[in-house]
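Worksheet for the structure shown next.
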Amino acid sequence: MGDLGDYNHREIEEKWSRFWIERNLYHVEKPDARSRFSVVIPPPNVTGSLHMGHALNATLQDIVVRWWRMRGRKVVWVPGFDHAGIATQYVVEKQLQDQGKTRFDLGREEFIKKVWEWVPRSREAIRTQFEKIGVSVDWKRERFTLDEGFSRAVRKAFRELYEAGLIYRGEYIVNWCPKDRTALSDLEVEHEEETGKLWYIRYPLEDGSGYITVATTRPETMLGDTAVAVHPEDERYRHLIGKRVRLPLVNWKRKTIRGEEVGPLIPIIADERVKTEFGTGAVKVTPAHDPNDFEIGRDHNLPFVKVMDERAVMNENAGEFAGLDRYEARRRIVERLKEMGLLEKEEDHVHAVGKCYRCKTVVEPVVSVQWFVKVTDPRIRDTSIKVVEEGLVQREEREVHLQIAEVSGLTVTVPVVDDVSGTTRAVLVLAEGVEFLAGTREGDLAYIYHLEGRDDLLDEAKRFADIFLGRGGFDFLVGLEGEISVVRQGVESRIDRGRYVVVAEGDRVVLYSREETPRPLQVIERGKARLEPAHKSIKMRVERRKEVREEKKRVLFIPEHWKRFYLDWMYNLKDWCISRQIWWGHRIPVWYCEDCGAENVFTDDDFDRPYDKIIFNLIADGKIGNDFTPEEVEKVIKAPNFVHPEMTVLDFYKRFAFHKYHSTDMDANSLRLFLTQEANPMAMLTPGVSTRGLYRYDPKTKRWRMVLRCKKCGSENLKQEEDVLDTWFSSALWPFGAFGWPEKAEDLKNLYPTDLLVPGFDIIFFWVARLIMMGTYFMKDIPFRDVYVHALVRDEKGQKMSKTKGNVIDPLNIIDKYGADALRFTLAILTVQGRDIKLSEKRFEGYKHFANKIWNAARYILMNTPEDFLSKIPYMAPMRSEDKWILTRLNETADEVNRSLEVYDFSRAARAIYEFFWTDLCDWYIEMTKERIYRKAETEEEKEKADAERTTALYTLHYVLEKALRILHPFMPFITEEIWRRLPSADGESISLKEFPEKAQEEVFPEEARRVERLREIVSTVRSLRSDLQIEPSRRLKAYFRTEDEETKSVVNEFRTHILNLARLETFDEVDSRPEGTVATFSGDLEIFLSVEGEVDLGKLREIYMRRRRKVLSDLERVNRKLSNENFLKKAPEEVVEKERRIKEELEEDLRRIDRILSIIEG
RNA sequence: AGGCGGGUAGCUCAGUCGGGAGAGCGCAGCCCUUACAAGGCUGAGGUCACGGGUUCGAGUCCCGUCCCGCCUACCA
């Protein structure tokens, strides 16, 4: 069928990436809540580009997502981006800095404009990279945390929390970055060990009776001291408690944050938080600049004196030091104290210094007014703990149907969808010959088929049907006295999560129900089921009843240990500071009344007409100013949307935010009319038009204005909060915000909760925890079921990749050099739980070789496939053992991959498919087919036979390749798509929409598989000897064999041709004894004699067998030691003892053979 | 300080139920055998960190120690 040519990853990947996107292959318009699999991508920051961590993250999700899609789920994977407040602002500020400007030079509005100019470029770059990696996301559902819908959701969320008393504004000590000039949350501060100094400073007692010495690492803060604290039990200082000291240097009046004046005389107080062992045991207290001191200050009612401004420059409270940078002030203060003799000593001191995670500036703890989410409230924290610890119980009332069919004979066999019931979830085999099927679909029907005369089983069947319906269906088969009993990891864990416990008892597995009387069941093969009634005359009746269903909604961390990690943090939770003094982000939707001081939270809920809502949102988003013209509004609303440029902003609103207002159009004219009516008092006379005084026209400027009024006093004198929200506040809404919340959107109903979240462990607190908090609070439901937490990507030395270290491996570069398939496969196979991934470029190279191998295997198959191949298939010869063997291996591989992916064991899955492709398929099977593929026939009769056999080999090759490609597809989507599309058997648009292979019992042939394994041993033995004798492969040798074992003999006879080809032999005949001039070896009970012409290095040969002998002897010794141990014989299980005995026999047999060979060599 | 993860071949890592130590890469030898030299075949290479315990039997379970990595907290 023609030659594939060489593997060119660039061409292939580019082609299919485009194809998938252009065809919208991964868009599902209306996913059914039951069959869906929904995932939201952790939105990457719109700063810079993707790094290897993103590549890993995207790859792992895509593997799972493609796998589920192929398994029949309607997969929706939502992509998107995070506006990343501080990070993005930092990048743009840096660009300004290069021009010698700061954001303050530009002003808020201009600055934000700059960011909006820059963001799309970055977003495009990231999007392209995602496409290159091959992510099968639904681009039509793409979102941005700062898009119109999200901004609205953020305001809504803020309002709900505010009104529930879960958001408050308060004075608190926060981490302040003097460079970015904003507050940071605790999580945004990185601690680094540094060697600093510890200064011991004497504070003279007021009464002149001496002094008390305090130690500090930040002497500059002493200017803000308002007390000295000691431990109440500390004997050294007890007598000083209540006295006062004179703060050195400070001979000026200081003002507290409330405006009161404070003098230099400060009290010595007692507080249990003071550690007697540290420093001198006396501590200076600076409530406005230290977290601990803040608490002490609050509890003791101390004055708060701030001595620095927002740039960490000393302020007017610093008297003579005012205007100095904090470090300069520190130097001078130390100097002055030294002069005054008040510096007792200074010593080196290692301590952790908090730094801004973004710009690495040392943060300054400072008291300020900030907004907080009260995450410590039980409504948030307790629920968030509960859904992880035990699960949230949800009650749902529904109608349940049981459909009972009576048939006179039926069989239960394979494939997946049964035409009667839709998706088949489970088949219960209650007793031999009497089965029923519990399938579920819309309306919850369980179909119970039973044989006439076996009504005794009906009750049992109903009971199980209820269980299956209650759980939304299982997807494995269960049988009572079933024939097979295979336990699988995936099944086990799946059951364990629900209400079943699996216990292995002896040679069978027992499934215990937790709620009901334990009832033993066997778990048998997972598979697909179809009911095939023998007779069409089925008597049916339907029973229906109301049922209250309780479902446990639980968030499951994988690997499990992250659960502990998460919970520990939740137990020690602190309120979350959400205000940031930056400009890029969601401005807090609070308007302060300048007259009465009230805080007003506005959202578009305050208005009920679409126009009002849209105008309000545009203003709140800063898209238009408070004053506007209808033309300006039209311009904004008709402009291409940022996230979906194919839509206008108005379209975007309709699609993602205002579902109810589909028909609303909005242009300057209609707006003008609307506003005029609104403002015209005459309109009051027009029926149906209301005027609320919401808009006002200024004839001078010809601009309109939306009038917001204080909800308390009615004043129009409102001013919006300047601060914006922490980025994580909006991304915490991601899994429901992206689906249209707060609207009751279709997507929200169908896709929430999501099925899986894949974050890196570094954002468990930042993001995962907050997702759980906000998700459970707003949705009363978990945001996701499984959280697969992956490791970090490091360089080959195990160091974090960073630009400054210059050890980054750029995914784009790797994709270019080795291909996205190689990149993905490498990341997948290196992803083992609980370990960081160490990467070096060589790894990618290695797995590119794998891609190449696959390519060439396909090339071999296709180049030997005749054009009329399909028409020949009906005339093909029966399958041979090796065909059945490769089918067996194929199915075992499918099974292994499925089981591994069920538990997110990416590495294991990838290794299984690698091993199969390379070793089984390429190294052995393809080699074995060459005999049939290349056979030349002489006579007509032979030719026909050869043709039929060739067709069989080709058929098997095609069959196996096609299925193997499907197994491989989630890992290597591009190459598999390319090859698959070239196969004559390809039917369909894309391999990614085909079914993922499951183990099919009818394609498993244990007998043939065993025989081929034996063949492989024999071939390897001959090859090994050849290699030992250094006989080049081109020399065909005569060889002979001898065995007593009929089984072995038949293997040799069946596969003689293969042995000749694979071991490069001329003949392989049976003999009674070793022929002259031959060298012997053996494989189990098969003795092999190789006819070697010319010199043989007997010394070397002897050495080889001596080494083998030593190995056998040491093994024998181990076995003998065991077998001579009475306790072993007494206590070990019979089969283990048996096994050891067998090993002993084998080893002794081997030893005899080796000795015989050695005696020949020596004799 | 507390917690988590890890220590197995030169390197990176698997190792399921406690029952004969594995893979890939690298290395060495032989080979351009009609899919693939980005390949084939063969081979060498191990005190499973250390000590103790449980057990007939421990890489695997328990206790302790030592290293490495990470996280969290504190550090006036």
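Every chain is numbered from 1 and lettered A, B, ... according to where its sequence line falls, protein lines coming before strand lines. Note that the coordinates shown come from a computational prediction; the quantities given were computed from them, not determined experimentally.
Taking the centre of each ring, A:Tyr566 and A:Phe765 stay at or above the 6.0 Å mark.
Counting atom types as modelled, A:Arg899 pairs no side-chain N or O with a base atom of B:U16 as donor and acceptor under 3.5 Å.
Residue A:Trp569 contributes atom CH2, which lies 11 Å from atom P of B:U72 at whole-angstrom precision. Put simply, CG on A:Asp895 is 18 Å from P on B:U16, counting in whole angstrom units. In this structure, CZ of A:Arg843 is placed 11 Å from C1' of B:A23, rounded to the nearest angstrom. The distance from atom CZ of A:Phe766 to atom P of B:U72 is 8 Å, rounded to the nearest whole Å. Rounded to whole Å, the distance from CG on A:Asp568 to C1' on B:A73 is 12 Å. To the nearest angstrom, C1' of B:U12 lies 13 Å from CZ of A:Phe844. Residue A:Phe850 contributes atom CZ, which lies 12 Å from atom P of B:G40 at whole-angstrom precision. When rounded to the nearest whole Å, the span between CG of A:Asp762 and P of B:U72 equals 10 Å.
Nearest-nucleotide mapping onto RNA chain B: of A:Leu198 and A:Tyr7, the residue sitting toward the 5' end is A:Tyr7. Nearest-nucleotide assignment on RNA chain B puts the 5′-proximal partner with A:Arg1107, out of A:Arg1107 and A:Ala229.
Looking at heavy-atom distances under 4.0 Å, A:Arg911 makes contact with sugar-phosphate atoms alone, never a base. Heavy atoms of A:Leu1147 sit under 4.0 angstrom from at least one base atom. Contacts of A:Lys842 with the nucleic acid, taken as non-hydrogen atoms under 4.0 Å apart, involve only primed sugar atoms and P, OP1 or OP2. Across all strands shown, A:Val1119 has no heavy atoms under 4.0 Å from either base or sugar-phosphate atoms. Counting any heavy atom pair closer than 4.0 Å across all strands shown, A:Val1136 reaches a base atom. A:Ile926 comes within 4.0 angstrom of a base, heavy atoms only. Within the nucleic acid shown, A:Glu845 has no heavy atom closer than 4.0 Å to any nucleic acid atom. Backbone-only engagement by A:Ser1020 is indicated by non-hydrogen atom pairs under 4.0 Å involving sugar-phosphate atoms exclusively. Among the protein residues, A:Trp924 comes within range of no part of the nucleic acid, since none of its heavy atoms lies under 4.0 Å from any strand. Counting non-hydrogen atoms under 4.0 angstrom, A:Asn1061 reaches nothing in the nucleic acid. Within 4.0 Å of A:Lys853, counting heavy atoms only, lies at least one base atom of the nucleic acid. Nucleic acid contact class of A:Asn852 (heavy atoms, under 4.0 Å, all strands): base. At the heavy-atom level, A:Arg564 lies nowhere under 4.0 Å from the strands shown.
Comparing B:C36, B:U33, B:C41 against the side chain of A:Arg1064 picks out B:U33 as the nearest. Picking from B:A14, B:G24, B:C36 the nucleotide with the shortest atom distance to the side chain of A:Asn856 gives B:C36.
Rounded to the nearest Å, the gap between the P atom of B:G40 and that of B:U33 is 14 Å. Nucleotides B:G7 and B:G45, compared at atom P, are 24 Å apart to the nearest Å. Spacing of C1' atoms, B:C61 relative to B:U54, comes out at 8 Å, to the nearest Å. Comparing the same atom, P, in B:A9 and in B:C62 gives a spacing of 22 Å after rounding to whole Å. Spacing between B:G5 and B:U47 at atom C1', rounded to whole Å, works out to 25 Å. Nucleotides B:G20 and B:C48 are separated by 15 Å at their C1' atoms, to the nearest Å. Straight-line distance between the P atoms of B:G19 and B:G15: roughly 14 Å, to the nearest whole Å. If you take atom C1' in B:G59 and the same atom in B:C13, they sit 14 Å apart, rounded to whole Å.
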Could you walk me through whether A:Trp562 and A:Phe557 pass the ring-ring contact (aromatic ring centres under 6.0 Å, His included) check?
-> CA-CA 6 Å; A:Trp562 293 113; A:Phe557 278 88; 8.4 Å; no
Would you sort out whether A:Ser840 and A:Lys838 count as a side chain to side chain donor-acceptor pair (under 3.5 Å), showing the intermediate values?
-> CA-CA 7 Å; A:Ser840 70; A:Lys838 288 187 201 168; over 6 Å; no
Between A:Arg1110 and A:Ser1114, is a side chain to side chain donor-acceptor pair (under 3.5 Å) present by the stated rule, with each step listed?
-> CA-CA 6 Å; A:Arg1110 278 196 299 275; A:Ser1114 82; over 6 Å; no
Would A:His958 and A:Thr865 satisfy side chain to side chain donor-acceptor pair (under 3.5 Å), going step by step from the backbone distance to the final call?
-> CA-CA 9 Å; A:His958 273 277; A:Thr865 305; 2.8 Å; yes
Before giving the answer on side chain to side chain donor-acceptor pair (under 3.5 Å), spell out for A:Thr826 and A:Lys848 the whole-Å C-alpha distance, their side-chain angles and the decisive distance to 0.1 Å.
-> CA-CA 9 Å; A:Thr826 308; A:Lys848 188 195 172 177; over 6 Å; no
Could you give me the CA-CA distance, side-chain angles and deciding distance for A:Phe825 and A:Tyr914, then say whether side-chain contact (heavy atoms from CB on, under 4.5 Å) is met?
-> CA-CA 10 Å; A:Phe825 199 83; A:Tyr914 181 92; 3.9 Å; yes
Go through the steps to decide whether A:Arg1141 and A:Glu1138 satisfy the test salt bridge (Lys or Arg N to Asp or Glu O under 4.0 Å), and finish with yes or no.
-> CA-CA 5 Å; A:Arg1141 288 214 172 97; A:Glu1138 241 344 280; 3.6 Å; yes
Please tabulate, one pair per line, each protein N/O and nucleotide N/O from nucleotides 29-32 of chain B that are separated by under 3.5 Å, including the distance.
residue	atom	partner	partner atom	Å
B:G29	O2'	A:Gln1030	NE2	3.3

Reading RNA chain B 5' to 3', how would its secondary structure be written in dot-bracket notation, given Watson-Crick and G-U pairs with both distances under 3.5 Å, brackets [ ] for crossing pairs and | for partners on other strands?
-> (((((((..((((.....[..)))).(((((.......))))).....(((((..]....))))))))))))....
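Side-chain atoms of A:Tyr203 and A:Asp225 form a donor-acceptor pair, as typed in the model, at a separation below 3.5 Å. Side-chain N/O atoms of A:Glu344 and A:Tyr211 include no donor and acceptor closer than 3.5 Å.
Both the sub-6.0 Å distance and the 45° axial angle are not jointly satisfied by A:Lys1100 relative to the ring of A:Tyr1105.
With respect to A:Lys1144, the salt bridge (Lys or Arg N to Asp or Glu O under 4.0 Å) criterion is satisfied by exactly one of A:Glu1146, A:Glu1148, A:Glu1140: A:Glu1148. Considering A:Asp299, A:Val367, A:Leu302 as possible partners of A:Phe294, the one that fulfils the side chain to side chain contact (heavy atoms under 4.5 Å, CB included) test is A:Val367.
Put simply, A:Trp918 has a side-chain N or O that comes within less than 4.0 Å of OP1 or OP2 on B:G40. For B:G39, the OP1/OP2 oxygens have a side-chain nitrogen or oxygen of A:His849 closer than 4.0 Å. Put simply, A:Ser1024 has no side-chain N or O that comes within less than 4.0 Å of OP1 or OP2 on B:C41. Distances shown here put every side-chain N or O of A:Lys1131 at or beyond 4.0 Å from the OP1 or OP2 atom of B:U55.
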